[in-house]
Number of protein chains: 2
Amino acid sequence: MLRAMPNNTPKPPVISDVARRAGVSVPTVSRVLNGAAYVSEEKRSKVMKAIEELDFRPSAAARALVARQPKLIAVIAGNTSRYGYAETIRGIEESARGAGYTVSITVVESAEDEIVARAVSLVLDQPLAGVVVLKFDPPGVAALHRIPKSIPTVSISGVREVGVPQAVLAEADAAAEVVDYLLGLGHETVQHVRVPPSRKEDGRTTGWRRALVAHGARVPVPVDAGWEPESGREIGRALAADPAVTAVFCGNDEIAMGVIRGLTEAGKSVPGDVSVVGFDDHPLARMWTPPLTTVDQDFAGLGSRAYGLLETLIAGGKPKKFSSERPTVIIRESTAPPPA
Amino acid sequence: MLRAMPNNTPKPPVISDVARRAGVSVPTVSRVLNGAAYVSEEKRSKVMKAIEELDFRPSAAARALVARQPKLIAVIAGNTSRYGYAETIRGIEESARGAGYTVSITVVESAEDEIVARAVSLVLDQPLAGVVVLKFDPPGVAALHRIPKSIPTVSISGVREVGVPQAVLAEADAAAEVVDYLLGLGHETVQHVRVPPSRKEDGRTTGWRRALVAHGARVPVPVDAGWEPESGREIGRALAADPAVTAVFCGNDEIAMGVIRGLTEAGKSVPGDVSVVGFDDHPLARMWTPPLTTVDQDFAGLGSRAYGLLETLIAGGKPKKFSSERPTVIIRESTAPPPA
DNA sequence: TTGAAAGCGCTAACAA
DNA sequence: TTGTTAGCGCTTTCAA
């Protein structure tokens, strides 16, 4: 553990050091620092010089203490490095940075009470302007429940839910469109391989089911995959054994790639024997063999919209309850009519 | 832009509110907060109760001001969402969180002076315990130069460099090993497709060149790729036209996948006609067709080691100059002897 | 245009 | 065991 020991670096200069060196009062230094108020050219330059010489930086802690709104936005997520998460965070950070905010990220490793409490508490220990919670998974959902109402908060999700303002990517509609497309190609039904859901059922699964039912098609039991492509591979191998499956809709591209690999290893051809669709439009989806039919999700835009909602909230405004957008289906070469 | 408007959320409770409600003095509240000193069971429970009721959280800003070390670590990077970056950040965050730190991320979009200055300034405006700079690219390198020496700082890189303490993944050695392996298979030389380097030459290129020279093999002119797999594809197509290239060593897996795709599209077989090696062991590398021979880089471990260095620095200790580790070559199926 | 004084929310030192 | 008194480094009145 870290001990509170004296730091070996020299104590950094403070504002009074600058004032003394420049021969002015502390508030005057503060004035030139903030570009505000009137300061004579003479003093201003003296102060600037002193700042340079001392390599002075105002203490962020002191500034934060004094009235000023904190300039930190916390992002809470169950994961930071998987494609969708990373891109969403990128979108948040980019927008936030543009407005002068820094973003912190903290991951909640599981939905277990103690883990969630510890992570949230860590987050709240910083001086925060607001928080964005990625509700892509159970840890995210659990974390949201623990954020005090007094802190401006928005969430990000794949489905509309009541609660704090929310940026959403309307997955269900896109999923339904995928199924429509596949059924239109002549497939009798569409198998679904889903990623770990954030709740009982995620938007992709809901949309898939809805479309199947709307078409009067048989609704197969969804197969659960993990987050790793490897789990898709195993499922692909298993699916290959069932001649009834001619079309598979996967919860994300990585899983789809794994499924394709498993199918191929088991001797099936994609899309000749079975069509496979992913979700997300991962950068490698178009490089895949065959290039993957998938759904483009603008994660960065999603993050950016979440920031927008939060900004309104922080400013004391009343943002829309939802900022919703519809992902786009991208048809490439992993889908075709079923074998005759 | 965000205006400094009054917030609509109620002003959060402060320590004096708790003290008043509990009928004790402010320092007493502080004492129970910090678990220190003697406080009677009676008052302690009164205070706890007041804290609960008010949902009070001590102001991090005030705490930071008063001697206590801030609990925020800033990560500065040229990117946050690409595989290696995201994983490295994950490693940092995980270790930092374990020790009670939150991590902020801010990206530096280019090495342009103004951009770098703005980003760094944003970072320094937070009360920081220390900073980790990802020197994987020019923006990262530029940012490092702007961090004041008074702030505990470590960097992360693929090659050893003088300066602040550094966590390194010894790319050059691994790259050399790849070339040794390929040459051992019988290839006359190895073409190199590199990702945008952080400096004149990155470790992967250095190791590749070194091994080639050591074997007395011809050293081809490296081909520059971008970060997108798509750029690899174009290069692959171009490379297919040159019968002299039978082995290609790529700067990362995404590029390698693009190269393989380009090669394949141009009618070459991998590894029959040309062998391709990637770098990073991306999660999809083993799913690829053919499964990719690559180099496993433990990015999360790298991030974790960087945190370790920083922790020592923050505690006032003197960390090693380098925490170096050697990536491992992973041979899969995208490499074979050259065609007869 | 400038400085003196007050105070942000908290912890540390000192008495009691 | 507890309260009183001082600040931490800065910004913000308020006078001058």
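Naming convention: chains lettered A, B, ... in sequence-line order (proteins, then strands); numbering from 1 in each chain.
- Residues Leu144(B) and Ser155(B) approach most closely at CD2-CB, 4.0 Å, considering heavy atoms.
- Summarising the geometry, the separation between CZ on Arg44(A) and C1' on dT2(C) is reported as 13 Å, rounded to the nearest angstrom.
- Contact between the side-chain N/O atoms of Ser59(A) and the OP1/OP2 oxygens of dC8(D) is not found at any separation under 4.0 Å.
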Donor-acceptor pairs under 3.5 Å, side chain of residues 50-57 of chain B to any protein atom, not counting sequence neighbours: which ones?
| from | atom 1 | to | atom 2 | distance (Å) |
| --- | --- | --- | --- | --- |
| Glu53(B) | OE1 | Arg21(B) | NE | 2.5 |
| Glu53(B) | OE1 | Arg21(B) | NH2 | 2.9 |
| Glu53(B) | OE2 | Lys49(B) | NZ | 3.1 |

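- For the OP1/OP2 pair of dG3(D) and a distance below 4.0 Å, the side-chain nitrogens and oxygens of Thr28(B) include at least one atom meeting the criterion.
- One finds a side-chain N or O of Ser30(A) lying less than 4.0 angstrom from the OP1 or OP2 phosphate oxygen of dT11(D).
- Two residues, Val26(B) and Val29(A), neighbour DNA chain D, and the one matched to the more 5' nucleotide by heavy-atom proximity is Val26(B).
- Considering only the side chain of Pro27(A), dA5(C) comes nearest among dA5(C), dT2(D), dT11(C).
- With rounding to whole Å, Lys46(A) atom NZ is found 16 Å from dT1(C) atom P.
- Atom NZ in Lys71(B) sits about 14 Å away from atom P in dT11(C), given to the nearest Å.
- Between dG3(D), dT1(C), dG9(C), one nucleotide has an atom nearer to the side chain of Leu65(B) than all others, and that is dG9(C).
- Contact check for Ile105(B) versus Ile89(A): side-chain heavy atoms found under the 4.5 Å cut-off.
- The Lys43(A) side chain lies nearest to dG3(C) when the options are dG7(D), dT1(C), dG3(C).
- Judged purely by distance below 3.5 Å, without hydrogens or angles, the side chains of Thr102(A) and Thr106(B) never pair a donor atom with an acceptor atom.
- Pro58(B) comes within contact range of the sugar-phosphate backbone alone, with a heavy-atom separation under 4.0 Å but no base atom that close.
- The rotation axes computed at either terminus of the helix from dT1(C)-dA16(D) to dA16(C)-dT1(D) lie 40° apart, taking five pairs at each end and rounding to 10 degrees.
- The CZ atom of Arg31(B) sits 6 Å away from the C1' atom of dT2(D) (whole-angstrom rounding).
- Taking side-chain N and O atoms only, Arg63(A) has a distance below 4.0 Å to OP1 or OP2 of dT11(D).
- To the nearest angstrom, P of dG9(D) lies 14 Å from CG of Leu54(A).
- Contact record, Ala61(B) with Pro127(A): N-CG, 3.9 Å, taken as the closest heavy-atom pair.
- The closest side-chain donor-acceptor pair between Glu87(B) and Tyr83(B), if any, does not fall under 3.5 angstrom.
- Rounded to a whole Å, the CD1 atom of Ile15(B) is 18 Å from the P atom of dG7(C).
- Rounding to whole angstrom units, CZ of residue Phe56(A) and C1' of dG9(D) are separated by 8 Å.
- For residues 117-141 of chain A, the pairs satisfying side-chain hydrogen bond (donor to acceptor under 3.5 Å, both in side chains) are Tyr85(A)-Asp137(A), Lys135(A)-Glu161(A), with sequence neighbours left out.
- Atom P of nucleotide dT12(D) and atom CG of Asn34(A) are separated by 6 Å, given to the nearest angstrom.
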